[in-house]
Protein chains: 2
Amino acid sequence: MTEPRWLDEGERAAWIAFLTATNLVNRKLEQQLKDDAGLSHTQYEVLVQLNAAADGALRMTELADRLVTSKSGLTYQITQLERAGLVSRRSCPSDVRGVFAEITERGREVLRFAAPGHVEAVRNALIDVLTPEQLTHLAEGLGEVTRRLRTEQRCGAQTATQGGTATQAASGAGAGRP
Amino acid sequence: MTEPRWLDEGERAAWIAFLTATNLVNRKLEQQLKDDAGLSHTQYEVLVQLNAAADGALRMTELADRLVTSKSGLTYQITQLERAGLVSRRSCPSDVRGVFAEITERGREVLRFAAPGHVEAVRNALIDVLTPEQLTHLAEGLGEVTRRLRTEQRCGAQTATQGGTATQAASGAGAGRP
DNA sequence: GTCGCTTGGTTCAAATTGGAACGAAGCCAG
DNA sequence: CTGGCTTCGTTCCAATTTGAACCAAGCGAC
């Protein structure tokens with residue numbers, strides 16, 4: 001690697017847009033959720049995932065994976081949510097080590113309460129800002145990025161080359177009807 | 001607002017892709033920079049901005065604004081960087097209250113050292129994953145999002161409607177040649 | 001001039017985060 | 001079955017991050 005392939009004008013523009021836009025959007029949502037529902041975005045996403053799950057419950061690791069967060073971080077958040085009565089822990093029958101995080105009725109209520117404002121915010125910050133085509137393009141591009149990083153993630157750390165074929169896409173919503 | 005406008009299939013897909021992709025990318029970069037250069041992404045961006053600035057210096061507020069971070073957060077990071085000798089504080093001649101953060105020679109060296117690996121990572125995580133068209137679309141879409149949120153930000157909190165016309169776009173790079 | 005309001009940065013406390021270390025369990029080959 | 005390796009969550013600790021409170025200094029109107 002003599003001289004790295006620096007970003008050209010367009011690439012740089014894309015990268016800058018990515019950085020600032022994501023920061024701004026996250027900031028916006030964080031604020032909205034905190035103000036209107038007293039939840040952090042992470043907590044909201046936990047509720048969304050659990051609410052959408054089969055029995056309103058998911059294993060800790062699975063959940064951490066979906067949220068793209070660390071295991072310890074999740075442990076912390078689940079504890080908080082449990083303390084608030086929105087989620088409860090349940091042990092796994094088939095695996096003593098396992099722990100299920102399960103959304104409570106109160107958790108579902110809070111989610112139902114918070115959802116409208118959140119969707120509204122998501123629309124204002126991202127969805128409604130773009131034309132349908134732009135949105136499609138965005139979904140395709142970022143979807144591809146996700147797939148790429150996910151496979152790379154699963155296939156252990158091979159020296160920075162690319163992974164293989166596709167993986168399944170995302171699952172639960174995020175701003176969908178609760 | 002009777003029933004909120006929930007996201008349809010495509011919108012949901014876009015939103016999910018946005019959430020996961022951004023998390024994954026950030027995670028990736030954070031890790032790479034920490035491992036290879038001992039810098040957090042925030043710190044790296046500080047150096048980038050200062051390095052690209054006119055005199056290698058920027059006012060605290062201006063910098064916080066560009067990084068889309070809180071003032072207190074920046075104060076913290078600048079203190080860290082100063083401690084590490086990569087940045088130094090300089091008072092502003094025209095405004096006693098003002099403080100300039102200025103990149104040091106050592107700061108520039110560290111940046112030069114870290115840049116190649118960072119660009120490489122940015123390419124692997126985002127740029128090279130997409131086709132040129134996808135990249136263009138992405139830049140346009142997210143650029144629009146940025147503009148929107150920036151203006152909304154500047155024009156005080158008017159009840160969630162949209163802002164006016166365009167603002168100037170971003171400035172310093174992020175993964176450009178240092 | 002000087003009162004009142006906005007700005008620029010820092011300080012402070014509280015909430016999160018992530019990685020490393022751990023203990024308890026699964027799991028598989030020999 | 002038993003040693004050796006992986007997996008599951010939690011605990012612990014250090015690093016960040018953010019908003020609120022604060023002090024000092026500009027700034028404009030009176």
Side-chain angles (χ1 to χ4, degrees), chain A residues 22-24 26-35 38-46 57-84 87-102 153-154 156-157, chain B residues 22-24 26-35 38-46 57-84 87-102 153-154 156-157:
Chain A
T22 58
N23 275 334
L24 286 169
N26 286 332
R27 212 170 184 58
K28 193 84 183 170
L29 291 184
E30 200 69 54
Q31 188 191 340
Q32 183 274 323
L33 278 172
K34 189 68 79 184
D35 289 350
L39 293 173
S40 68
H41 192 194
T42 315
Q43 296 174 329
Y44 181 85
E45 286 303 322
V46 167
L58 284 173
R59 289 284 292 270
M60 295 296 280
T61 299
E62 167 68 9
L63 188 49
D65 220 52
R66 295 197 191 183
L67 301 183
V68 190
T69 188
S70 65
K71 288 191 300 174
S72 52
L74 180 62
T75 293
Y76 174 77
Q77 282 304 156
I78 291 297
T79 304
Q80 294 309 100
L81 287 170
E82 196 171 27
R83 193 166 294 169
V87 155
S88 67
R89 273 183 240 245
R90 177 154 58 77
S91 58
C92 174
S94 64
D95 186 339
V96 190
R97 302 166 304 172
V99 171
F100 274 109
E102 178 177 29
Q153 188 179 44
R154 297 198 215 296
Chain B
T22 58
N23 275 334
L24 286 169
N26 286 333
R27 211 171 184 57
K28 193 84 183 169
L29 292 185
E30 200 69 54
Q31 188 192 340
Q32 182 274 323
L33 278 172
K34 190 68 79 183
D35 290 349
L39 293 173
S40 68
H41 192 196
T42 315
Q43 296 175 330
Y44 182 85
E45 287 303 322
V46 167
L58 284 173
R59 289 284 294 269
M60 295 295 280
T61 299
E62 167 67 9
L63 189 48
D65 219 51
R66 295 198 191 183
L67 301 183
V68 190
T69 189
S70 65
K71 288 191 300 173
S72 52
L74 180 62
T75 294
Y76 174 78
Q77 281 304 156
I78 292 297
T79 304
Q80 294 309 99
L81 287 169
E82 195 170 28
R83 194 166 294 170
V87 154
S88 67
R89 271 184 242 245
R90 178 154 58 77
S91 58
C92 173
S94 65
D95 185 338
V96 190
R97 302 167 304 172
V99 171
F100 274 109
E102 179 177 29
Q153 188 179 42
R154 297 196 216 296

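Per chain, numbering begins at 1; letters A, B, ... match sequence-line order.
The nearest whole Å value for the distance from the CD atom in A:Gln43 to the P atom in C:dT17 is 8 Å. A:Asn26 places its CG atom 16 Å from the P atom of C:dT16, with the value rounded to the nearest Å. Atom-to-atom, CZ of B:Arg97 to C1' of C:dG9 comes out at 10 Å; the value is rounded to the nearest Å. Look at NZ on A:Lys28: it is 13 Å from P on D:dG19, rounded to the nearest Å. Atom CD in A:Glu82 sits roughly 14 Å away from atom P in D:dG9 (whole-Å rounding).
Checking the phosphate oxygens (OP1, OP2) of D:dG9, a side-chain nitrogen or oxygen of A:Arg59 falls inside 4.0 Å.
When distances are taken from the side chain of A:Val99 to each of D:dT10, C:dG9, C:dT16, the shortest belongs to D:dT10. Nearest to the side chain of B:Lys34, among D:dT16, C:dG9, C:dT16, sits D:dT16. Minimum atom distance to the side chain of B:Tyr76 is reached by D:dT16, of the listed D:dT16, D:dG9, C:dG18. Checking D:dA25, C:dG8, D:dT18 against the side-chain heavy atoms of B:Ser70 singles out D:dT18 as nearest. Here the nucleotide nearest the side chain of A:Gln77, chosen from D:dT16, C:dT16, C:dT10, is C:dT16. Listed candidates were D:dT10, C:dG9, D:dG26. Nearest to the side chain of B:Asp95 is D:dG26. Ranking C:dA15, D:dT10, D:dG19 by closeness to the A:Arg27 side chain, first place goes to D:dG19.
At a threshold of 4.0 angstrom between heavy atoms, the contacts of B:Gly73 include nucleobase atoms, whether or not backbone atoms are also involved. Using a 4.0 Å heavy-atom distance criterion, A:Thr79 is classed as making no nucleic acid contact. Across all strands, B:Glu30 comes closer than 4.0 Å to no nucleic acid atom at all (heavy-atom distances).
Between the side chain of B:Ser72 and the base of D:dG19 there is at least one donor-acceptor pair of N/O atoms closer than 3.5 Å. Side-chain atoms of B:Thr75 and base atoms of C:dG9 include no donor and acceptor less than 3.5 Å apart.
When all heavy atoms of A:Val68 and B:Arg27 are compared, the pair lying nearest together is CG1-CD, 3.8 Å.
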